[in-house]
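Data block below; observations after.
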2 protein chains.
Amino acid sequence: MNDVVKRSNGALNNVGLKNTELKKAGLKATLPRLKILELMENSEGRHMSAEDIYKKLLELGEDVGLATVYRVMTQFEAVNLVSRHHFDSGLSVFELNEGSHHDHLVCEKCGKVEEFVEESIERTQHKIAKKFGFKMTDHSLYIYGICPACQEESSRT
Amino acid sequence: MNDVVKRSNGALNNVGLKNTELKKAGLKATLPRLKILELMENSEGRHMSAEDIYKKLLELGEDVGLATVYRVMTQFEAVNLVSRHHFDSGLSVFELNEGSHHDHLVCEKCGKVEEFVEESIERTQHKIAKKFGFKMTDHSLYIYGICPACQEESSRT
DNA sequence: GCTGATAATGATAATATTTCGCATTTCTAT
DNA sequence: ATAGAAATGCGAAATATTATCATTATCAGC
């Protein structure tokens, strides 16, 4: 018998695995943290604002406060479980850190986000930081545009 | 006799030139807009938040409301006189659009901003947008790090 | 499995940033 | 100079995020 928990709504599983995931990161495995982690892993759109996360948890009948979502996301960010992005909307969106580093392509119409990796850009960024004598700690690259679906839509009118 | 206006405090000059600059952009040449434009051209640190601009105008004895600063910056952005950036702090900073496009290197300690241009990155971004079928409208690249001065400082303690 | 120390949570108040509503003022074309 | 339209300043409202604090949950040690 393992850690996997069966739930009739199918929303939240693998509680035990996430439990260890949190402990390994040095965080107590509390219910809100488990639920948030699971929600993020099970959501298609992987880029969510604190408000998004809060609302989805309410929909799932989970009793989590918005302040807790913010606190938890900040902690998750500190231990590198998630990244925080500031898209042009001005608010913060969070993304689970799984797989390797990547950058983002954001549709200005519908908000759709594509991810991409471009090694040459990564290398060039390091080179630039070095040229200015900066010790590079982080970077963010967003390309904004209109996605294929939204181009379709506007040409159809 | 030309448009240049002499002022004893030396802060705000060239009123007439800016006047035409605004008209050309399709904006009425109002006092707040002229003052903001001049302030931005005469400030060393070219990246300012709305609050920064507001406070500096007050210091100069100009009577401009904070709401007006926000409105004007939004209009300036719309006609491409300024760019709006969302650095990781979360708040918006504005920058005068003069000279050619460039990206930013931001010090996480002192907030110092360096600008750079890297053609290869520009080209690659267009290539990526194209690959995903996006019509690219904009992009932002920020490299975060510790500037030389701040590295010095922390090693000296 | 209990239990107590400690840390985390939820509700709400507080703060910060940005926008809105509206009476008044300023621009600009005449 | 003047009228009509647009812009402004002020304060209130909206939005996003953080802080406060009484209550509750977690977990190490038994």
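Within every chain, numbering begins at 1; the chains are lettered A, B, ... in the order of the sequence lines, protein sequences first and strands thereafter.
Between the side chain of S92(B) and the backbone N or O of H85(B) there is no donor-acceptor pair closer than 3.5 Å.
Donor-acceptor pairing under 3.5 Å is lacking for the side chains of E77(B) and S83(B). Judged by distance alone, the side chains of D103(A) and Y142(A) never bring a donor and an acceptor atom under 3.5 Å apart.
The CG atom of D52(B) sits 11 Å away from the P atom of dT18(C) (whole-angstrom rounding). Rounded to an integer number of Å, the gap from Q75(B) CD to dT19(C) P is 12 Å. Here the C1' atom of nucleotide dT26(C) and the NZ atom of K23(B) are 13 Å apart, to the nearest Å. Spacing between atom CG of L27(B) and atom P of dC27(C) amounts to 14 Å, rounded to whole angstrom units. Between D63(B) atom CG and dT24(C) atom P there is a gap of 17 Å when expressed in whole angstrom units.
As judged by a 4.0 angstrom heavy-atom cut-off over every strand, A29(B) is placed among residues touching the sugar-phosphate backbone only. Contact annotation for T68(A): base contact, defined as any heavy-atom pair under 4.0 Å involving a base atom. Residue L66(B) is classed as a base contact, given a heavy-atom separation below 4.0 Å to a base.
When each of H86(A), H104(A), H102(A) is paired with H47(A), the ring pair (Phe, Tyr, Trp, His ring centres under 6.0 Å) condition holds for H104(A) and for no other.
Distances shown here put a side-chain N or O of R33(A) below 4.0 Å from the OP1 or OP2 atom of dA8(C). At least one side-chain nitrogen or oxygen of S92(B) sits closer than 4.0 Å to the OP1 or OP2 atom of dT18(C).
Think of the region where chain A sits on DNA chain D: with heavy atoms and a 4.0 Å cut, that region ends 5' and 3' at dA16(D) to dC27(D).
Position along DNA chain C of the nearest nucleotide to Y54(A) versus R84(B) favours Y54(A) as the more 5'-ward residue.
Of all nucleotides listed (dA11(C), dT6(C), dT17(C)), dT17(C) comes nearest to the side chain of Y70(B). Minimum atom distance to the side chain of A67(A) is reached by dT12(C), of the listed dT12(C), dC27(C), dC20(C).
Between E118(A) atom CD and K127(B) atom NZ the span is 6.5 Å, to the nearest 0.5 Å.
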